[in-house]
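Written below as structure tokens is the structure these notes are about.
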Amino acid sequence: MSRAPLAHLNGALVPLAEARVSVLDRGFLFGDGVYEMVPAYGGRPFRLEAHLDRLGRSLAAVGIPNPHDPGRWRAIVEEVVAANGGGDLAVYLQVTRGAAPARDHAPPTDLRPTVLVMASPLRPRAAEVMEAGVSAVRLEDIRWARCDIKAVTLLANVLARREAARRGAAEAILVRDGEVTEGAASNVFAVLGGVLVTPPKGPRLLPGITRDVVLELAAAEGIPAREAPVAADDLDRAEEIWLTSSTRELVPVTRLDGVPVGDGRPGPLWRRLDAAYQALKARHRAGA
Ligand code: PDD
């Protein structure tokens, strides 16, 4: 993507650097909006339908009318991908409630949602991450009670990542009432007694698309997997811990709060499922 990036803003394709919204936009003033992040491989959006479904659920949950049907969304995403040269991209979709005449917590009912779709290069994961894994820290989950909505209101997530970075870690693993919820920008998997476990879907975490793919692949590979609560302390005895997200894929956590996870190396189940994930991506890229 050497050319200047182009973005879709409210129906028009514009240079990203020139895209502008009103300071009265409720996304800017209140974080009143939702978003998606869709990876594209070889210029082809991956699991787009699942992302658009989740976007629809987020919009419905906050009462913002969905500005487009799935066909129109797909056309916009494909246009932005093509306009940015195709290849491997992270495509960001954002819908806010729109710009009101004045700042007021109570939203007018007749606003036109603001729609932004932009893309940035999706870089291959660093060799170092694959060989050595990453560090994570456990932090108290101070977010709201509807983390299943992919809201742009991410201040608590930002603060968690900031604190993780301050402690030299790549991610914060969030803990509420003694249980793992998810990462600040990822879902969490642990291998406990040879079984892959991830916290169940519900209002405390985002139902990750990559999380679903990993569970599908585990079933296909015959790896025992469960969606069940994970106590924060369970992570102290986990053989493996992974993070999953659309942009980071499957990332092995090899140090937790400064202590090695398992033998301190990316584990065998991660290796198997990461290989399966890479194979799925390759098939998708090839048009399968
Ligand atoms: N975030 N949980 C949170 C809080 C997230 O922000 C994300 C992803 C996930 C993983 O979801 P998925 O597998 O659908 O990407 C879980 C994206 C990548 C972001 O905010 O950029």
Side-chain angles (χ1 to χ4, degrees), residues 27 31 33-41 45-58 61 77 88-96 116-123 125 129 134 136-165 170-176 179-190 196 198-218 227 230 241-251 253 273-274 276-278 280-281 284:
V34 302
Y35 76 105
E36 277 298 323
M37 182 67 96
V38 186
Y41 301 116
F46 184 63
R47 297 278 163 135
L48 180 59
E49 204 172 298
H51 283 280
L52 293 178
D53 276 357
R54 189 173 65 186
L55 179 65
R57 290 199 303 277
S58 294
V77 167
D88 289 4
L89 296 170
V91 185
Y92 179 83
L93 287 65
Q94 179 178 304
V95 182
T96 73
L116 169 69
V117 180
M118 59 183 178
S120 57
L122 195 53
R123 304 194 190 289
R125 292 169 304 169
V129 168
V134 301
V137 290
R138 277 170 288 200
L139 292 178
E140 193 60 32
D141 191 345
I142 61 164
R143 299 173 303 159
W144 69 330
R146 288 302 305 274
C147 296
D148 54 321
I149 300 171
K150 200 160 172 60
V152 295
T153 328
L154 288 171
L155 185 55
N157 306 61
V158 168
L159 295 182
R161 275 295 282 278
R162 182 170 180 262
E163 178 60 16
E171 181 61 301
I173 292 179
L174 304 176
V175 175
R176 193 183 291 242
E179 285 180 7
V180 173
T181 55
E182 59 182 337
S186 56
N187 290 113
V188 176
F189 285 79
L196 187 57
T198 192
K201 290 181 184 176
R204 291 181 165 198
L205 56 105
L206 188 77
I209 308 300
T210 319
R211 175 186 177 285
D212 282 348
V213 175
V214 166
L215 289 171
E216 278 170 40
L217 292 175
E227 295 175 80
V230 176
I241 301 173
W242 323 333
L243 307 168
T244 66
S245 86
S246 293
T247 46
R248 294 199 283 182
E249 304 177 355
L250 282 65
V251 177
V253 174
L273 273 191
D274 185 60
Y277 195 85
Q278 298 310 318
L280 182 65
K281 269 174 57 185
H284 177 80

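The figures here come from the full heavy-atom set of this structure, side chains too, leaving out hydrogens, waters and symmetry mates. Remember, it's 1-based here, ligands and their atoms both numbered in the order they're listed.
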> What is the distance from atom OG1 of Thr244 to atom CZ of Phe189, rounded to the nearest 0.5 Å?
Replying inline: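 Thr244 OG1 to Phe189 CZ: 5.0 Å, rounded to 0.5 Å.
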
Given side chains that start at C-beta, do those of [X] and [Y] come closer than 4.5 Å, heavy atoms only?
X      : Y      : result
Leu139 : Glu163 : yes
Trp144 : Ile149 : yes
Asn187 : Ser245 : no
Met37  : Thr247 : yes

State the atoms of ligand 1, each with its element, that fall below the 4.0 Å cut-off from a heavy-atom position in [X].
X      : result
Thr244 : 10 (C)
Thr247 : 18 (C)
Ser245 : 10 (C), 13 (O), 15 (O)
Ser246 : 12 (P), 13 (O), 14 (O), 15 (O)
Glu182 : 2 (N), 3 (C), 4 (C), 16 (C)

If you have a sec, work out which protein heavy atom is nearest [atom] and how many Å separate them, to one decimal?
atom                    : answer
atom 19 (C) of ligand 1 : Tyr35 OH, 3.7 Å
atom 6 (O) of ligand 1  : Ala185 CA, 3.4 Å
atom 11 (O) of ligand 1 : Gly208 CA, 3.5 Å
atom 21 (O) of ligand 1 : Met37 CE, 3.7 Å

Just to be sure I read this right, does ligand 1 sit under 4.0 Å from the backbone of [X], its side chain, both, or neither, counting only heavy atoms?
X      : value
Tyr92  : neither
Arg248 : neither
Ser186 : backbone

> Is there a side-chain contact (heavy atoms from CB on, under 4.5 Å) between Tyr277 and Thr210 once you walk through the steps?
Replying inline: CA-CA 9 Å; Tyr277 195 85; Thr210 319; 3.6 Å; yes

> For ligand 1, is there an atom lying under 4.0 Å from some heavy atom of Ala184?
Replying inline: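 Per 4.0 Å heavy-atom rule, Ala184 contacts ligand 1.
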
> Looking only at heavy atoms of Lys150, does any of them come nearer than 4.0 Å to an atom of ligand 1?
Replying inline: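 Judged by the 4.0 Å heavy-atom criterion, Lys150 does count as contacting ligand 1.
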
> Which is closest to atom 10 (C) of ligand 1 in terms of heavy atoms, Asn187, Thr210, Asp212?
Replying inline: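 It is Asn187 that holds the nearest heavy atom.
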
> Given Asp274 and Val251, is the side-chain contact (heavy atoms from CB on, under 4.5 Å) satisfied, shown in steps?
Replying inline: CA-CA 9 Å; Asp274 185 60; Val251 177; over 6 Å; no

>> Before you tell me yes or no, could you show the steps for Ile173 and Val137 under side-chain contact (heavy atoms from CB on, under 4.5 Å), namely the whole-Å CA-CA distance, both residues' side-chain angles and the distance that decides it to 0.1 Å?
In response: CA-CA 6 Å; Ile173 292 179; Val137 290; over 6 Å; no

